[in-house]
Protein chains: 2
Amino acid sequence: MLNLQTICLGVLYSGSKSGYELHKIINTDLKHFQTASFGALYPALGKLEAKKFIVSDGKKNPIQTSSLPKKIYTITENGRAVFEAQILKTRAEEKLTSDFLAAFHFAEHLPAENIAALIDSQSAKLQEEYRDLISTPLSRMSEGQRFGIRYTIAINRAATAFLKGEGRAIQATLSRRLPKG
Amino acid sequence: MLNLQTICLGVLYSGSKSGYELHKIINTDLKHFQTASFGALYPALGKLEAKKFIVSDGKKNPIQTSSLPKKIYTITENGRAVFEAQILKTRAEEKLTSDFLAAFHFAEHLPAENIAALIDSQSAKLQEEYRDLISTPLSRMSEGQRFGIRYTIAINRAATAFLKGEGRAIQATLSRRLPKG
DNA sequence: AATAACATGTAAACGGTTACATGATTCG
DNA sequence: CGAATCATGTAACCGTTTACATGTTATT
């Protein structure tokens with residue numbers, strides 16, 4: 001699986017950025033397949049720098065208080081080569097972890113109101129994701145990126161349609177159960 | 001997020017099982033939203049046992065060579081209560097990590113044959129998942145579990161349809177690019 | 001007797017989250 | 001001058017993967 005280091009190389013490939021900017025890009029543009037917290041991002045950048053895959057212009061000297069705290073990372077030639085090799089050997093792999101589906105798997109332990117809440121909340125999340133996806137400006141985006149967005153939208157729509165069609169039905173069915181005792 | 005310990009409690013709720021059986025159940029019946037390796041499973045069971053949420057009938061005595069190595073885990077009353085509380089407060093959360101989408105995001109660094117391979121491989125994986133999903137015996141399954149399977153099938157179909165419809169088109173588009181130099 | 005499947009576990013390393021800690025810059 | 005946002009980083013902890021290590025039971 002592609003790890004955060006490789007993702008960072010990929011984002012830095014198209015231009016130098018600070019850790020903070022990288023964080024923003026990953027958690028907006030790449031949100032549908034990757035996220036990163038600062039606690040994951042900074043150590044990843046540190047490791048990439050140690051391996052000479054990226055360089056920074058940072059003044060890490062704490063005495064120089066007047067210097068900008070902002071540190072711009074730039075990918076090296078070595079880094080580019082490593083990224084290209086990595087992305088070339090990438091296989092179609094996906095891993096979903098879903099509390100929504102897990103909760104339904106064990107739904108016999110849930111009262112009807114919780115079932116309803118889960119479906120409503122999942123629908124809302126899908127709607128929010130949908131808004132994010134369609135609001136992304138398609139210009140300045142590569143063909144591959146557009147393809148990924150459209151793929152994700154197709155899945156999002158199917159999920160929403162399913163919940164709209166069958167969500168009420170399952171709520172009704174599960175409400176008819178005998179209360180556990 | 002629901003962790004493996006809680007998932008184990010959930011599976012043991014409906015009947016006592018060995019670690020090995022638990023492993024098989026999670027990686028078949030729960031495959032569409034959760035997997036677990038032995039290296040993750042056994043420590044999780046050990047922690048649950050330490051907390052008295054489960055008990056085992058294991059003869060851990062290595063001198064007793066004649067005893068069965070099989071260890072059956074049973075959920076305790078305390079464990080049931082903890083699981084019920086956990087599942088009750090579960091929120092609709094989902095996390096997808098996709099090398100397929102990541103590769104497409106950076107597809108400008110990929111030659112056309114890799115694009116084609118990625119789409120073919122993703123289609124094959126979806127088909128395989130689909131076969132698994134429809135082959136699951138619907139009897140002896142709760143309403144909630146059936147709902148989860150149908151939800152996953154709806155998404156799987158949408159993904160397959162998208163790749164069938166637009167997969168060739170993107171391959172053609174990306175093949176028309178100038179080779180990088 | 002060999003092989004596949006059953007069965008349990010550990011250790012090192014990895015990757016990530018959450019919370020903490022600090023400080024600068026910009027805008028109203 | 002206060003608030004939001006920009007900005008970097010560490011530490012403790014958590015959960016998992018991968019590889020290793022070992023042995024049993026059932027089938028052919």
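Sequence lines set the chain letters: A, B, ... in the order given, protein chains first and strands last, and positions in each chain run from 1.
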In whole angstrom, what separates [X]'s [atom1] from [N]'s [atom2]?
X: A:I25; N: D:dC6; atom1: CD1; atom2: P; result: 13 Å
X: B:N3; N: C:dT18; atom1: CG; atom2: P; result: 13 Å
X: A:Y73; N: D:dT8; atom1: OH; atom2: C1'; result: 8 Å
X: A:Q5; N: C:dG15; atom1: CD; atom2: C1'; result: 9 Å
X: B:Y42; N: D:dG23; atom1: OH; atom2: C1'; result: 12 Å
X: A:K47; N: C:dA13; atom1: NZ; atom2: P; result: 13 Å
X: A:L41; N: C:dT17; atom1: CG; atom2: P; result: 10 Å
X: B:L45; N: C:dA7; atom1: CG; atom2: P; result: 14 Å

Between [options], which nucleotide has the shortest distance from any of its atoms to the side chain of [X]?
X: B:A40; options: D:dT16, C:dT8, D:dG9; value: D:dT16
X: A:L4; options: C:dG16, C:dC6, D:dC6; value: C:dG16
X: A:E21; options: D:dA7, C:dA7, D:dC6; value: D:dA7
X: A:K70; options: C:dA7, D:dT10, D:dT8; value: D:dT8

Exercise for the section: Please state whether the phosphate of D:dT8, meaning OP1 or OP2, lies under 4.0 angstrom from any side-chain nitrogen or oxygen of A:K71. Expected result: no
Problem - Short side-chain N/O contact to D:dT17 OP1/OP2 from B:S37, under 4.0 Å - result: yes
Exercise for the section: May I ask you to test the A:E113-A:Q171 pair for a side-chain heavy-atom distance under 4.5 Å? Expected result: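 No, side chains not in contact.
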Name each donor-acceptor pair under 3.5 Å that joins a side chain in residues 118-125 of chain A to protein atoms two or more places apart or in another chain, with its distance.
from	atom 1	to	atom 2	distance (Å)
A:D120	OD1	A:R168	NH2	3.3
A:Q122	NE2	B:E94	OE1	3.2
A:Q122	NE2	B:E94	OE2	3.4
A:Q122	NE2	B:Y151	OH	3.0
A:S123	OG	A:I119	O	2.9

Exercise for the section: Would you indicate what A:G39 reaches in the nucleic acid, counting non-hydrogen atoms under 4.0 angstrom: base, sugar-phosphate, or nothing? Expected result: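 Answer is base: heavy atoms of A:G39 come under 4.0 Å of a base.
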Problem - ring pair (Phe, Tyr, Trp, His ring centres under 6.0 Å) partners of B:Y42, counting only residues at least two apart - result: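 With neighbours one apart ignored, the set is B:F38.
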Problem - Within 6.0 angstrom of B:K31 NZ, more than 12 heavy atoms from elsewhere - result: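 No, because the 6.0 Å sphere around NZ of B:K31 holds 12 heavy atoms or fewer from other groups.
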Handout entry: Over 12 foreign heavy atoms within 6.0 Å of NZ, A:K95
Key = yes
Handout entry: Residues from residues 94-104 of chain B lying under 4.0 Å of DNA chain D - heavy atoms
Key =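 Output list: empty, so none.
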Problem - B:R80 charged N/C atom sitting above B:Y13 aromatic ring, 6.0 Å / 45° - result: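 Verdict for B:Y13: a cation-pi partner in B:R80.
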Handout entry: Sub-6.0 Å ring centroid separation between A:Y73 and A:F53
Key = no
